[in-house]
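Predicted model, so just to flag it, every value in this text is computed and none were measured.
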Amino acid sequence: MQTGSEEGFQIATLVVVVVTILVVVAYLLIFLNPRIALNPFKPLLPTATLVAGLPPTWTPTPTDTATPTLTPTATSTATLALPTVTPMPTAIPAPILVATLKPPTRPAPALPPTPIPLPYSFRSVPRSCTFGTPAQIKGKVTSGGSPMDGIRVRLATSMDAATVVDEQAVKRDSDTSTIYAFIISPPDSGSFQWHVWVTDASGTALSDPNFHVTINNAPASDPNACWIAIVDFAR
């Protein structure tokens with residue numbers, strides 16, 4: 001059997017629970033609608049401030065009604081003479097000349113030049129010139145690389161046949177080539193030019209008589225010493 005004090009605690013507990021539920025419900029309603037009647041601190045709506053006293057369209061009215069007085073100005077009666085303008089002559093455009101271009105004429109192909117035969121059938125081929133004794137001018141005579149027989153070689157002091165000092169026919173050497181050899185004396189000083197050329201049996205020059213060899217008397221220690229000259233003739 002409950003006492004009177006226990007019943008009083010139960011009623012107080014029930015009241016606290018109910019009040020708590022009511023407070024939570026009230027907060028929830030205020031959160032959902034802040035302007036509910038339960039909210040003592042309702043938010044204020046912005047209000048528009050109206051400016052009264054002015055008409056919809058206000059036009060300022062000028063207060064100065066004075067009318068300005070215009071002063072008459074003097075009228076000039078002088079007459080200005082305008083210069084006479086001479087009309088410019090009308091330029092007549094020059095006629096445009098249209099040139100008719102013709103295709104260029106292709107020149108006829110040039111014919112190859114006719115080869116000029118050489119005056120001599122043999123050419124001189126200098127090989128070397130060194131120091132040695134006895135001083136001499138020698139060489140080989142070939143045609144297409146083969147030795148030739150019956151060819152004569154002349155030695156002269158100029159290209160004139162009257163200055164010929166020696167003439168000999170080529171002879172077979174130990175290697176079956178045809179050779180010639182002129183024994184000469186070196187100059188006492190300086191150098192001397194000897195002309196050498198090939199002729200046929202009748203004495204007609206077969207190589208250039210102007211070809212010459214310069215023999216000097218330089219000692220063996222001089223690299224420019226030229227005592228033995230080797231000159232071949234070939235065709």
Side-chain angles (χ1 to χ4, degrees), residues 96-235:
I96 300 175
L97 299 179
V98 178
T100 302
L101 299 179
K102 295 182 179 180
T105 303
R106 179 176 299 178
L111 296 176
T114 303
I116 301 174
L118 296 176
Y120 305 108
S121 56
F122 285 85
R123 69 181 187 279
S124 55
V125 184
R127 298 297 184 186
S128 63
C129 192
T130 57
F131 178 83
T133 56
Q136 56 185 308
I137 300 174
K138 62 181 180 177
K140 300 178 181 180
V141 180
T142 59
S143 175
S146 300
M148 295 193 66
D149 293 326
I151 300 298
R152 305 187 67 82
V153 182
R154 284 181 174 179
L155 176 69
T157 58
S158 71
M159 61 181 301
D160 188 356
T163 62
V164 173
V165 296
D166 195 1
E167 179 178 327
Q168 61 181 248
V170 296
K171 59 183 179 179
R172 293 283 177 173
D173 197 10
S174 58
D175 60 354
T176 70
S177 63
T178 53
I179 63 172
Y180 70 93
F182 295 108
I183 305 299
I184 58 177
S185 299
D188 295 335
S189 63
S191 59
F192 188 81
Q193 292 181 349
W194 290 96
H195 290 252
V196 187
W197 70 89
V198 176
T199 67
D200 58 9
S202 62
T204 302
L206 300 180
S207 66
D208 187 4
N210 192 39
F211 172 77
H212 54 272
V213 178
T214 302
I215 302 297
N216 57 39
N217 67 341
S221 59
D222 191 339
N224 296 320
C226 180
W227 288 48
I228 300 178
I230 298 178
V231 179
D232 293 343
F233 292 94
R235 72 174 180 182

Legend entry - Inter-residue atom distance Arg127.CZ - Asp232.CG, 0.5 Å rounding: 4.5 Å
Inset, instruction - Measure from the side-chain N and O atoms of Ser158 to the backbone N and O of Thr163, and report whether any donor-acceptor pair falls under 3.5 Å. - result: no
Inset, instruction - Could you check if a side-chain atom of Ile215 sits within less than 4.5 angstrom of a side-chain atom of Ile184, using non-hydrogen atoms only? - result: yes
Inset, instruction - Might you point out which heavy atoms bring Gly203 and Arg154 nearest each other, and give the distance in Å? - result: CA-NH2, 3.6 Å
Inset, instruction - If the plane angle is over 60° it's perpendicular, under 30° parallel, otherwise tilted; pick one for Phe192 and Trp194. - result: perpendicular
Legend entry - From NZ (Lys140) to CD1 (Ile230), nearest 0.5 Å: 9.0 Å
Legend entry - Shortest non-hydrogen separation from Ala135 to Pro186 and the atoms involved: CB-CD, 3.8 Å
Inset, instruction - Supply the atom-to-atom distance Asn224 CG to Ser191 OG, rounded to the nearest 0.5 angstrom. - result: 11.0 Å
Legend entry - Steps toward side-chain contact (heavy atoms from CB on, under 4.5 Å) verdict (Arg152, Leu206): CA-CA 10 Å; Arg152 305 187 67 82; Leu206 300 180; over 6 Å; no
Inset, instruction - Would you check if the side chain of His195 reaches a backbone N or O of Ala156 as a donor-acceptor pair within less than 3.5 Å? - result: no
Inset, instruction - Quick one: pull up CZ in Phe131 and OG in Ser221 and give me the separation to the nearest 0.5 Å. - result: 8.5 Å
Legend entry - Residue pair Ala225 / Pro219: nearest heavy atoms and the distance that separates them: CB-O, 3.3 Å
Inset, instruction - Might you point out which heavy atoms bring Thr199 and Ala205 nearest each other, and give the distance in Å? - result: CG2-CA, 4.1 Å
Legend entry - Polar contact flag, side-chain donor to acceptor under 3.5 angstrom, Asp200-Ser202: yes
Inset, instruction - Check Val165, Ile183, Val164 against Leu155 for a side-chain contact (heavy atoms from CB on, under 4.5 Å) and give me the one that passes. - result: Val165
Inset, instruction - Please round to the nearest 0.5 Å and tell me the distance separating atom OG1 of Thr142 and atom CE of Met148. - result: 9.0 Å
Inset, instruction - Please work out whether the ring planes of Phe211 and Phe233 are parallel, tilted or perpendicular, with thresholds of 30° and 60°. - result: perpendicular
Inset, instruction - Considering non-hydrogen atoms only, spot the tightest contact between Ala229 and Val213 and give its length. - result: CB-CG1, 3.4 Å
Legend entry - Phe182 and Val153, any side-chain heavy atoms less than 4.5 Å apart: yes
Inset, instruction - Apply side-chain contact (heavy atoms from CB on, under 4.5 Å) to the pair Thr178 and Arg172, showing each step before the final yes or no. - result: CA-CA 4 Å; Thr178 53; Arg172 293 283 177 173; 4.0 Å; yes
Legend entry - Trace of the side-chain contact (heavy atoms from CB on, under 4.5 Å) decision for Tyr180 with Ile151: CA-CA 10 Å; Tyr180 70 93; Ile151 300 298; over 6 Å; no
Legend entry - From CH2 (Trp197) to CG (Asn210), nearest 0.5 Å: 10.0 Å
Legend entry - Greater than 12 external heavy atoms within 6.0 Å of Asp188's CG: no
